[in-house]
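Model, not experiment: these values are computed from the prediction. Quick note: residue numbers are just sequence positions, from 1.
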Amino acid sequence: MKVSYTKSKVISNEKIVDGIYKMVVEDNNEVKPGQFYMLKLGGQTLLPRPISVCEKNEGTITFLYAVVGKGTKEYVSLEKGDYINLIGPLGNGFNVYEKLGRVALVSGGIGTAPMLEVAKKLKENNNASKLDLYAGFRDEIYLIDEIKNYVDGAYISTNSGNYGHKGFITEILNVEEYDTVLCCGPEIMMKKVIDICKEKNVKIYVSMEKHMACGVGACLVCTCKTKDGNKRTCKDGPVFDGYYVKL
């Protein structure tokens, strides 16, 4: 899949909950669910930031981003008609193009973002005999209504108990009910999900999140540990077999 370097026009950029924004930009690339782009506004921040693909529609792409530092804080100022530099699509993404049986999408926080496109494509390709979402948040929830359009069931947890189960999403996840788990979120959560899947002999694929500088495998900033030594999250991932990575 060809990587493009483009200056893309912003269609919209809005806050959906405190600290979380949704940006829609023009983009005509073919994208696989779970891939990401490197975004750079061109302000005071030297390096671009990796942001996963939330949704791909004809002529546009949607990013969901958390404002956590100088780079993402710059994006907040973008308005309709402004431009942002994109490099992508990058990485390997989730394999939603084969029969996966009963599938659980498990996410934590901003890791829920790529699950919209994953669910959408699994539904379109009819490659999940059952498709459920398990999403955990600290307090406020987001993107759930959109994902509900493509899944059979949606199960929510919040640390505060403000929505759904009070506690961690792993506390209400019964992996033995599924053939395949697709997971994205904090490493501590993904490790727990991997351990549960190993115990029940369930296939699991995880999307790793690492700090990146180039996004194309040249700088080795984003390495993660695997059974075969260090691998580049941007080039060899971000999606890995959960039995292969070491968390």
Side-chain angles (χ1 to χ4, degrees), residues 1 31-38 49-54 64 66 68 88-119 121-122 127-128 131-136 157 168-171 173-247:
M1 186 175 290
V31 175
K32 293 180 179 179
Q35 288 190 299
F36 69 97
Y37 279 67
M38 300 294 284
R49 296 293 186 266
I51 307 292
S52 61
V53 173
C54 178
L64 217 66
V68 294
L90 301 168
N92 57 13
F94 288 103
N95 184 5
V96 297
Y97 306 102
E98 64 180 30
K99 297 294 183 182
L100 298 179
R102 300 164 299 169
V103 179
L105 308 178
V106 184
S107 64
I110 199 64
T112 306
M115 294 308 179
L116 175 55
E117 187 67 15
V118 171
K121 283 296 184 288
L122 280 172
N127 280 337
L131 182 59
D132 291 333
L133 170 72
Y134 292 83
S157 75
F168 300 118
I169 197 63
T170 49
E171 295 169 350
L173 172 64
N174 298 314
V175 297
E176 61 270 21
E177 297 178 4
Y178 303 94
D179 302 299
T180 309
V181 172
L182 308 180
C183 185
C184 184
E187 280 196 7
I188 190 170
M189 182 208 77
M190 292 198 295
K191 184 181 187 306
K192 179 65 174 178
V193 177
I194 289 172
D195 290 343
I196 296 172
C197 287
K198 285 181 177 179
E199 182 182 335
K200 302 295 183 179
N201 197 30
V202 175
K203 290 189 294 184
I204 176 168
Y205 298 90
V206 296
S207 179
M208 302 293 288
E209 295 181 353
K210 295 287 184 180
H211 291 295
M212 296 180 185
C214 71
V216 294
C219 68
L220 304 181
V221 167
C222 65
T223 55
C224 64
K225 294 180 179 179
T226 73
K227 290 182 177 179
D228 295 324
N230 289 340
K231 294 292 183 180
R232 300 164 297 179
T233 300
C234 66
K235 191 74 173 179
D236 302 310
V239 177
F240 293 92
D241 186 324
Y243 287 68
Y244 181 67
V245 294
K246 291 183 176 180
L247 293 179

Contact between F240 and Y205 at the side-chain level, heavy atoms closer than 4.5 Å - yes or no?
no

Would you check if V53 and Y37 make a side-chain contact, meaning some heavy-atom pair closer than 4.5 Å?
yes

Within a strict 4.5 Å, meaning less than it, do heavy atoms of the I204 and T180 side chains meet?
no

Heavy-atom pair with the smallest gap, counting every atom of S52 and F36
CA-CB, 3.8 Å

Could you go through D132 and Y178, starting from their C-alpha distance and side-chain angles, then the distance that decides it, and tell me whether this counts as side-chain contact (heavy atoms from CB on, under 4.5 Å)?
CA-CA 9 Å; D132 291 333; Y178 303 94; 2.6 Å; yes

To check you understand the geometry: which heavy-atom pair defines the closest contact between L105 and A119, and what is its length?
CD1-CB, 3.8 Å

Sequence neighbours left out, what pairs pass salt bridge (Lys or Arg N to Asp or Glu O under 4.0 Å) with at least one residue falling in residues 215-235?
R232-D236

Heavy-atom check, side chain of F168 versus side chain of S157, under 4.5 Å:
no

Might you point out which heavy atoms bring P238 and N92 nearest each other, and give the distance in Å?
N-OD1, 3.6 Å

For Q35 and K32, indicate whether the former's side chain and the latter's backbone hold a donor-acceptor pair under 3.5 Å.
yes

Please check: side-chain N/O of N95 versus main-chain N/O of Y97, any donor-acceptor pairing under 3.5 Å?
yes

Rounded to the nearest 0.5 Å, how far does SG of C54 lie from CD1 of I110?
8.0 Å

Nearest 0.5 angstrom please: F94 CZ to C183 SG, how far?
7.5 Å

G34 to V118 - nearest heavy-atom pair and separation
N-CG2, 4.5 Å

Mind checking side chain to side chain donor-acceptor pair (under 3.5 Å) for E171 and listing every partner two or more places apart, or none if nothing turns up?
H165

May I have all residue pairs that pass salt bridge (Lys or Arg N to Asp or Glu O under 4.0 Å) and include part of residues 179-195, sequence neighbours excluded?
R102-D179, E187-K210, K191-D195

If we only count heavy atoms from C-beta on, is the M208 to M190 side-chain gap below 4.5 Å?
yes

Does the pair C184 and E209 meet the rule for a side-chain contact (heavy atoms from CB on, under 4.5 Å), with working shown?
CA-CA 8 Å; C184 184; E209 295 181 353; 3.7 Å; yes

Give the minimum heavy-atom separation between T233 and T223, together with the two atoms involved.
OG1-C, 4.2 Å

L133 side chain near S107 side chain, heavy-atom distance below 4.5 Å
yes

Roughly how far, to the nearest 0.5 Å, is the CD atom of E98 from the CG atom of L100?
5.5 Å

Expected output: side-chain N127 to main-chain V96 donor-acceptor under 3.5 Å:
yes

Would you say that V106 contacts L182 through its side chain, given a criterion of any heavy-atom pair below 4.5 Å between the two side chains?
no

Atom NZ of residue position K99 - does it have more than 12 heavy atoms of other residues, nucleotides or ligands inside 6.0 Å?
yes

Taking the side chain as every heavy atom from C-beta outward, state whether V193 and T170 have any atom pair closer than 4.5 Å.
yes

By the definition side chain to side chain contact (heavy atoms under 4.5 Å, CB included), identify the one residue from V206, I169, L247 that meets it with M189.
I169

Considering all heavy atoms, the nearest Y134-E177 contact:
OH-OE1, 4.4 Å

